[in-house]
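Before any comments, here is the structure.
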Amino acid sequence: MSAEAPLITKALRLVSLALIISTVALAASAGYSAYQEYNAIASLGGSQSQLHESFNGTTMTLSGLTIPNNMSYPLSLELLGTITLENVHLANFASPAEVIQPGQAKPLSLSIGLDLTSALTNQSVLRTILFNQFHVGLNTTISTSVIPLIGLNISKSMDQVYPPLIGNLSTSLNTASVTNSSQSIFIPLVLSWNNQSPLILNGSLVAVLTGVPGFASGNYGNGTAPFAVNSGLNQDILTLAIPKSGPLGNQVMATGKFPSGNYTFSLSFAAYGVTVPFQENVTVP
Amino acid sequence: MIKILGIELPAFITRIATAVLYGFISLIVFLVIPNALLSGPASAIGVSTSIFFDYAILIVILSGMQGVFRGMYLGDAATIANSFVQIYYLLLITNGGIFSYFVQQEGINLTIDFRTIVYLFMVPPALSVINAVVHASTRMSTQRAETTEELIKLR
């Protein structure tokens, strides 16, 4: 009987050797291809990013990305990520998977519908976006893979700062209207502001006149009106009803005009089930 | 004839030379090359020599043992142990086949998933385990037959 190694062990050694050689060759070619692709994609997702985001109302559009396939293998590609408003999650997105053949390039664009409810039911978020600069975070991942050899994910976080929805708010009083048939004097409170952000909102506004010159703080009359925050310059007129028999009513009825001085209005903006109170002063000369 | 560890002296010297060669190749493949790669451009990946040094040395020792005790059960045991250590070493040095690091220059986070290639690299050590088991079991049956042959001759 021979003590020589059986044929199967020789075969296994040969298979092992063949596997090592082929895997090293495969790893080298896949690694080189991945490096080429990384150079191409990093320049798209990097500091000089070509990824353009536009935000209009409740739709965010991502465009401007053209992904080349610099590899020797077909490339599977997906764009995915998340959008946040003041660190509150708004939406996840994922483009359909595309396959790019070697040497070709494919443009990528995506429209994402945003449901603002999850963020704006939070009172502090609503307050921030109404009166302060706010942050919209965009985490994007360009997911590429040479199925099933190698996967390359390039992620980038972008933070966009937008101006407040109610920017440069100014208030004034229009001429009061007095009717004999009513028990009240109607004071039109004019609110003007500029919304330079891409967001729009609809809600309601409640105003209470709490400060009248020469009198202690109190409730001197109130009014409610729908309140729409559209893009650009906005104006809203909210009419408050002041009782004729009250201290202010008596003065207006007697003199026909508002006593000069500072008027304080307590305002409450209500939307998405939450209320944001704020205060405005109007000076009558 | 002088025997060392049950091996005749000339054969033992040859095997020591083979063991030194195996050990040297293992040292280059499992320690020197990875160390050079991971301390150079790939240093940001975060795999340092200290993580895999012990395993690389163990692979070198087991490769040497394989060379010295070739054709013996101890050699088969060394082959099996070496294969398992190599598989674990591969997982360790490649972080399971997923590298992730932050490219500060570009402000991007890069994740490379090459698990398939890592699994392919694990196949040869796995085949070595099968090979060693086949070797050992074959030797067992051959030795029995040889012993029987020797007994017949003696009669």
Side-chain angles (χ1 to χ4, degrees), chain A residues 1-31 33-35 37-39 41-49 51 76 81 139-159, chain B residues 29 33 37 41-42 70-72 75-76 79 83 86 90 94 97-150 152:
Chain A
M1 194 92 182
S2 168
E4 210 174 294
L7 196 61
I8 187 170
T9 64
K10 288 180 178 172
L12 281 172
R13 265 193 208 143
L14 269 176
V15 170
S16 291
L17 190 68
L19 261 172
I20 290 170
I21 293 168
S22 54
T23 310
V24 166
L26 199 67
S29 66
S33 289
Y35 178 70
E37 193 59 25
Y38 164 71
N39 281 340
I41 298 175
S43 63
L44 301 174
S47 48
Q48 302 297 313
S49 177
L51 180 66
S76 168
N139 294 310
T140 46
T141 298
I142 302 170
S143 176
T144 55
S145 59
V146 180
I147 300 167
L149 284 181
I150 203 160
L152 194 68
N153 282 7
I154 294 178
S155 307
K156 186 173 172 64
S157 294
M158 286 184 269
D159 184 45
Chain B
V29 172
I33 295 175
L37 286 175
R70 189 159 35 93
M72 299 166 82
D76 296 329
T79 305
S83 302
Q86 280 182 24
L90 267 172
T94 58
I98 298 173
F99 280 147
S100 186
Y101 68 101
F102 182 67
V103 188
Q104 207 155 16
Q105 256 179 322
E106 303 288 347
I108 57 174
N109 202 43
L110 177 69
T111 307
I112 310 163
D113 182 347
F114 56 103
R115 280 177 292 184
T116 311
I117 291 171
V118 172
Y119 297 151
L120 280 173
F121 271 117
M122 282 178 185
V123 176
L127 286 177
S128 289
V129 174
I130 299 168
N131 207 351
V133 171
V134 171
H135 248 292
S137 55
T138 309
R139 191 179 312 111
M140 213 179 285
S141 56
T142 311
Q143 272 182 350
R144 201 170 292 149
E146 280 173 347
T147 311
T148 314
E149 274 178 9
E150 281 165 15
I152 293 163

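Heavy-atom basis, side chains included; hydrogens, waters and symmetry copies ignored. In the text below, chain A, chain B and the rest are named by the order of the sequence lines, each starting its count at 1.
For A:I8, the part lying near chain B is the side chain, with the backbone staying farther off; criterion is any non-hydrogen pair under 4.5 Å. Residue contact with chain B, scored on non-hydrogen atoms closer than 4.5 Å, is absent for A:A18. Both the backbone and the side chain of A:V24 come within less than 4.5 Å of a heavy atom in chain B.
The structure places CG of A:N153 at 11.5 Å from CD1 of B:I108, a figure rounded to the nearest 0.5 Å.
The side-chain hydrogen bond (donor to acceptor under 3.5 Å, both in side chains) search around B:T111 returns B:S100, not counting sequence neighbours.
Within residues 116-123 of chain B, the residues that have a heavy atom under 4.5 Å from a heavy atom of chain A are B:T116, B:I117, B:L120, B:F121, B:V123, listed by number.
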*Take B:T138 and A:T9 through the test side-chain contact (heavy atoms from CB on, under 4.5 Å) and record every step on the way to the result.*
CA-CA 10 Å; B:T138 309; A:T9 64; 5.7 Å; no
